[in-house]
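Contents: one structure, followed by commentary.
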Amino acid sequence: MKLETEDGILAPPDAAAWDELVAASDGATVFHTSAWARIWTEEWSGARWEAVAIQEGSRYEAGLAWIVRPRGPLEAIDSMPYATYGGPLVRRDHPDPVSARVRLLEAFARRAARKRVLRSQLTWYEGHEAELPAVPEPEAGLTHVLELQPDYERVAEGFSASTRRLVRQADESGLEVRPAESEEDLRAFVAIAEETVRRRGGKPKPPSLYERIKSDLVPPGLARYHLVHHAGEPVAGSLHFFHDGVATSWLPVSKESAWPLRPNNYLIASLLETLCAAGYVAYNFGASPRDAAGLIRFKEGWGAKPRPVWIVSRRSALHRRLRP
């Protein structure tokens, strides 16, 4: 185990001990695991997985991890990358979880305030605003989560009338959903993902990222790609992550030409039915920007409820000049 002297930062933490903490902590997600950290240290040249931890011997009682990405002589810090959930973890039997989280968050704030840090961000799902450092000011975000139960029909009773209608239309469109497992399937998914991201005004992620997720996270059951086919042609897809009975939608994609077929409705309904039968307890629809009213209506049409996400971002003066 490597250990930085300043602020006791582990660089990196011990992967086995870290994952044991993840398993023993309420509120942990797949994005807290060493497997997710490894994706980024392999994908980004020179990136490092760091953490600060409260320890008893070799056991982590609490911890907070992040990825450091070099930016020339400077660096960017994310807990965790692409605004996925990070934040502090504390064992569920810890005698004083509030104090532990505050210590971890203060350590992260000191790390983020170093001179070489160009920008930093921490995204804490269902976090506690009162425990966050006052500077920089935390930003309140949202995600939407649907509670599941073994009987899918009971869950479907909570769908809005318009959502049920669209699911019926999708059922009548001749669609088929199946796991995307082959290299050809992955190429089809990436092509639709690139089309979708560009349509939304974003920059597509490199194919190598999807390939790493397929090779590293799919085999142990932490991730799964799906494709929706119509007349033998892939028209939509999704990338989901799975952890401790919760499925999280990370990237739903579709061809604009296929929208009249309602492939996204078909995929979600099919997946929810499968998850209910498999005993999953929740489906996380992912981030819900407050200015995306249509997206929020779509998620709430399935019966999903908003849950808080606290975001703490810091930008250096140089970053503000480069990106005003």
**Request:** Write down the atom of P88, the atom of L105, and the distance for their closest heavy-atom approach.
**Result:** CD-CD2, 4.0 Å

**N/O donor-acceptor pair under 3.5 Å between R224 side chain and F242 backbone** = no

**Asked** Counting N and O atoms only, with roles assigned by atom type, does the side chain of E195 sit under 3.5 Å from a partner on the main chain of E256, one being a donor and the other an acceptor?
**Response** yes

**Prompt:** Is there a side-chain contact between S288 and K299 (heavy atoms, below 4.5 Å)?
**Reply:** yes

**Asked** Think K214 forms a cation-pi with F189, using NZ or CZ under 6.0 Å from the six-ring centre and within 45 degrees of its axis?
**Response** no

**Item:** Verdict with reasoning, L251 to Y225, per side-chain contact (heavy atoms from CB on, under 4.5 Å)
**Value:** CA-CA 10 Å; L251 186 62; Y225 291 96; over 6 Å; no

**Request:** May I ask you to test the R199-S254 pair for a side-chain heavy-atom distance under 4.5 Å?
**Result:** yes

**Request:** Using a strict 4.0 Å threshold on nitrogen-to-oxygen distance, state whether R168 and E172 make a salt bridge.
**Result:** no

**Prompt:** Salt bridge check: are R111 and E75 linked by an N-O gap of less than 4.0 Å?
**Reply:** yes

**Message:** Determine whether E183 and R187 satisfy the following criterion, salt bridge (Lys or Arg N to Asp or Glu O under 4.0 Å), listing intermediate values before the conclusion.
**Reply:** CA-CA 6 Å; E183 294 302 320; R187 285 193 295 271; 5.1 Å; no

**Prompt:** Just by modelled atom types, is the A65 backbone N or O under 3.5 Å from a matching donor or acceptor in the S79 side chain?
**Reply:** yes

**Asked** Got a sec, which hydrophobics cluster with V235, joining ILVMFWY side chains under 4.5 Å apart, including via others?
**Response** L175, V177, V228, L261, Y266, L267

**Request:** Apply ring pair (Phe, Tyr, Trp, His ring centres under 6.0 Å) to Y82 and W40, showing your working.
**Result:** CA-CA 10 Å; Y82 283 106; W40 300 104; 5.3 Å; yes

**Flag side-chain contact, heavy atom, 4.5 Å: F285 against P252** = no

**Request:** Walk me through it: do T248 and Y85 pass the test side chain to side chain donor-acceptor pair (under 3.5 Å)?
**Result:** CA-CA 11 Å; T248 299; Y85 308 138; over 6 Å; no

**H94 side chain to E61 backbone, donor-acceptor under 3.5 Å** = no

**Request:** Taking the side chain as every heavy atom from C-beta outward, state whether R59 and E20 have any atom pair closer than 4.5 Å.
**Result:** yes

**Asked** Where is the tightest heavy-atom contact between F298 and W302, given as atom of each residue plus distance?
**Response** O-CD1, 3.0 Å

**Message:** Taking I39's backbone N and O only, do any of them form a donor-acceptor pair with D216's side chain (distance below 3.5 Å, no angle check)?
**Reply:** no

**Asked** Is it the case that one hydrophobic cluster holds both L222 and L275, taking links as side-chain heavy atoms less than 4.5 Å apart, direct or via other members?
**Response** no

Throw together a table of side-chain donor-acceptor distances under 3.5 angstrom for residues 23-31, partners on residues two or more places apart or in other chains.
unit_1, atom_1, unit_2, atom_2, d
S25, OG, L21, O, 2.7
S25, OG, V90, O, 3.4
D26, OD1, R92, NE, 2.9
D26, OD1, R92, NH2, 3.3
T29, OG1, F31, N, 3.1
T29, OG1, H32, ND1, 3.1

**Fill in**
For A112 and I77 the tightest heavy-atom approach is CA-CD1, 4.3 Å

**Message:** Tell me every residue that passes side-chain contact (heavy atoms from CB on, under 4.5 Å) with A278, counting only those two or more places apart in sequence or in another chain.
**Reply:** Y280

**Prompt:** Would you call W124 and L122 a side-chain contact if the rule is heavy atoms closer than 4.5 Å?
**Reply:** yes

**Message:** What I'd like to find out is whether the side chain of R119 reaches to under 4.5 Å of the side chain of D78, using heavy atoms alone.
**Reply:** yes

